[in-house]
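Down below is the structure, laid out as structure tokens.
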Amino acid sequence: MPGGRLTQQERRQIALGLADGLAYAEIARRLDRPTSTVTREVMRNGGPTAYRADLAHRATEHRARRRGPAAPRAAEAPPQLHGRDAEAVRAYEETFTTVLMASGVPRMMARVLACLTLTDSGSLTAAELVRRLQVSPASVSKAAAFLESQGLIRRERDQGRRERYTVDDDVWYQSMTASARALAGLVGTAREGVGVLGSDTPAGIRMENIARFLDFVSESTFRAAEQAREVLHTKPRPAREQDLPAEPDDAPGSHSR
């Protein structure tokens, strides 16, 4: 599997694949590249609908010139448990971070959230985050404060009085309900516009339709989040149990004779 930076020709192939509606995995297979490489490339350069090969290539060259020669890492990647490939985990963490950014999470906040989420404990001290992300304590503190304000992480003090951050098991539930609340706020604003513009005017009708649409989406999101919340606390069944075929209705012993 080839390494190194993507070439301009590869970027053009990515753009053609996106235009043809191909999945990232299929584009990556055709390029003989990891899927995570293609995902990061697209999400870092406008997303699937705005990706432009030449612009992406120029942007990458500009970033490379600005950074200059790559500095050696100050610390090695943390050891991996369960036989994981440390490089694959690092690449996936970057992919996960990029997707979080594409959903609207600021870069440093996305890096901290991804780092916490992908640890088995779901908890790291401020010093551990600084060491893993190679950033300043102030950057970690600011990012953590934002994530805490959104209900995405908890800030605690351990026995050594060190500041520790923990990903809440309800992180995605909190995120979904926060989005639903934001939509509910837009509903109220849209309905206020109907009163200002007039309910029987084209603009007023448009605003009323927007309000009805967002109200439906908001309510549906709240209901779905509540119904699915227990999934976040459920351990998956053992693989062997999942792979067992369901017993057919006409299996021996399934009917009384």
Verdict with supporting geometry, T117 and V171, side-chain contact (heavy atoms from CB on, under 4.5 Å): CA-CA 9 Å; T117 302; V171 59; 5.7 Å; no
Any donor-acceptor pair under 3.5 Å from T39 side chain to T35 backbone: yes
Exercise: do N209 and R206 side chains pair donor with acceptor under 3.5 Å: no
Exam field: side chain T201 to backbone L197, donor-acceptor pair closer than 3.5 Å: yes
Check: P137 main-chain N/O paired with S141 side-chain donor or acceptor under 3.5 Å: no
side-chain contact (heavy atoms from CB on, under 4.5 Å) between I210 and V187, worked out: CA-CA 8 Å; I210 291 171; V187 171; over 6 Å; no
Minimum heavy-atom distance between M109 and K142, given as atom pair plus value: CE-O, 4.3 Å
Donor-acceptor under 3.5 Å (T95 side chain, A91 main chain): yes
Residues E156 and R164 bridged, charged N to O under 4.0 Å: no
Heavy-atom pair of closest approach, residues S218 and A180: OG-O, 2.9 Å
Residue pair Y165 / V140, side-chain heavy-atom distance below 4.5 Å: yes
S136 versus S139, side-chain donor and acceptor atoms under 3.5 Å: yes
Taking every non-hydrogen atom, the tightest pair across R132 and C115: CD-SG, 3.8 Å
Salt bridge present between E208 and R191 (N-O < 4.0 angstrom): yes
Worked verdict on E93 versus R90 for salt bridge (charged side-chain N to carboxylate O under 4.0 Å, His left out): CA-CA 5 Å; E93 184 172 322; R90 186 205 63 77; over 6 Å; no
Note, L113 side chain near L100 side chain (heavy atom, < 4.5 Å): yes
Residues that D170 engages under side chain to side chain contact (heavy atoms under 4.5 Å, CB included), provided they are two or more places apart: D168, Y173, Q174, R229, L232, H233
Salt-bridge contact E226-R223 (side-chain N to carboxylate O under 4.0 Å): no
L22 vs R30 side-chain heavy atoms within contact, under 4.5 Å: yes
Donor-acceptor contact present, side-chain R162 to main-chain A126, <3.5 Å: no
More than 12 heavy atoms from other groups under 6.0 Å of CZ on R107: no
Residue pair L6 / R33, side-chain heavy-atom distance below 4.5 Å: yes
Residue pair M176 / T221: nearest heavy atoms and the distance that separates them: O-CG2, 3.6 Å
Intermediate values then yes/no, side-chain contact (heavy atoms from CB on, under 4.5 Å), Y24 and L18: CA-CA 8 Å; Y24 294 152; L18 293 172; 3.8 Å; yes
Distance-minimising heavy-atom pair for P48 and M43: CD-SD, 4.2 Å
Crowding at CD, E26 (>12 non-hydrogen neighbours, <6.0 Å): yes
Minimum side-chain heavy-atom gap E94-R44 below 4.5 Å: yes
Q227 backbone acceptor or donor facing E230 side chain under 3.5 Å: no
Side-chain donor-acceptor contact under 3.5 Å, E41 with Y51: yes
Minimum heavy-atom distance between M101 and A110, given as atom pair plus value: CG-CB, 3.7 Å
Criterion salt bridge (charged side-chain N to carboxylate O under 4.0 Å, His left out) on D54 and R12, from CA distance to verdict: CA-CA 8 Å; D54 292 341; R12 287 173 180 161; 3.4 Å; yes
Worked verdict on R181 versus F222 for side-chain contact (heavy atoms from CB on, under 4.5 Å): CA-CA 9 Å; R181 283 194 295 272; F222 270 124; 3.6 Å; yes
